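Lettering follows sequence order; numbering is per chain, from 1. As the structure is a prediction and not an experimental result, all values here were calculated from the model.
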Amino acid sequence: MQDKNKNEQKSFFEDVFAVARQIPYGRVSSYGAIANYLETVTARMVGWAMNKSFTADPPVPAHRVVNRKGELSGRHHFSTPSMMQELLENEGIIIEQDKVKDFKKLYWNPSDELAD
DNA sequence: CGTTTGACGGTCC
DNA sequence: CGGACCGCCAAAC
């Protein structure tokens, strides 16, 4: 009974959130990777969906999601543009020039980790 | 209902 | 290496 009509649309948003929440601690992923994994959404949809991630419940670690270059492209959407970097550094991720250091090593590909 | 806009990605040059 | 362009597709206007 508590669920009420929380389902709303149950669209690709939930899929994106679900994958994003599966990103392990100290790791980062990219919008395209998630989109590629779902194959039902495009990278733009992922990024756009992240906008709603702040209202999603449970919250989504959007700070762990960066673009394919490892750049903190979405830092401006956080409370503060520096918050995203601090969050990542808080997880042991080094940020250099608004980019993830060793991004290639920290890159978490759902299609590779969640591949059956 | 047509146009614009994206937290993107890949290709082209 | 970087700027330009197209494609995705849904929401906002």
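Within 4.0 Å of A:Asn67, counting heavy atoms only, lie sugar-phosphate atoms of the nucleic acid but no base atom.
Within the 4.5 Å cutoff, side-chain heavy atoms of A:Arg64 are placed close to those of A:Tyr25. The side-chain heavy atoms of A:Met84 and A:Val66, taken from C-beta on, include a pair separated by under 4.5 Å. Side-chain contact check for A:Tyr31 versus A:Met50: some heavy-atom pair is nearer than 4.5 Å. Using a 4.5 Å heavy-atom cutoff, the side chains of A:Gln22 and A:Glu113 are not in contact.
Both A:Arg68 and A:Arg75 lie near DNA chain B, and the one whose nearest nucleotide falls closer to the 5' end is A:Arg75.
Counting to the nearest Å, the C1' atom of B:dA7 and the CZ atom of A:Arg64 are 17 Å from each other. The distance from atom CG of A:Leu38 to atom P of C:dC8 is 18 Å, rounded to the nearest whole Å. Put simply, OH on A:Tyr31 is 17 Å from C1' on C:dC8, counting in whole angstrom units. Rounded to whole Å, the distance from NZ on A:Lys52 to P on B:dT5 is 22 Å. Here C:dC9 presents its P atom at 17 Å from CD1 of A:Ile34, a figure rounded to the nearest Å. In this entry the distance linking CH2 of A:Trp48 with C1' of B:dG9 reads 19 Å, nearest Å. The CE atom of A:Met50 sits 12 Å away from the P atom of B:dG9 (whole-angstrom rounding). Between the C1' atom of C:dC8 and the CG atom of A:Asn36 lies a distance of 13 Å, rounded to the nearest Å.
Here the side chain of A:Ser30 is nearest to one of C:dA10, B:dG9, B:dA7, namely B:dG9. For A:Ala43, counting side-chain heavy atoms from C-beta on, the closest listed nucleotide (B:dG9, B:dA7, C:dA10) is B:dG9. Across C:dC9, B:dG9, B:dA7, the shortest atom-to-atom separation from the side chain of A:Thr42 is found for C:dC9. Closest to the A:Ala62 side chain, of the nucleotides B:dA7, C:dA11, B:dG6, is B:dA7.
The aromatic rings of A:Phe13 and A:Trp48 lie tilted to each other, with the angle between the two planes from 30° to 60°.
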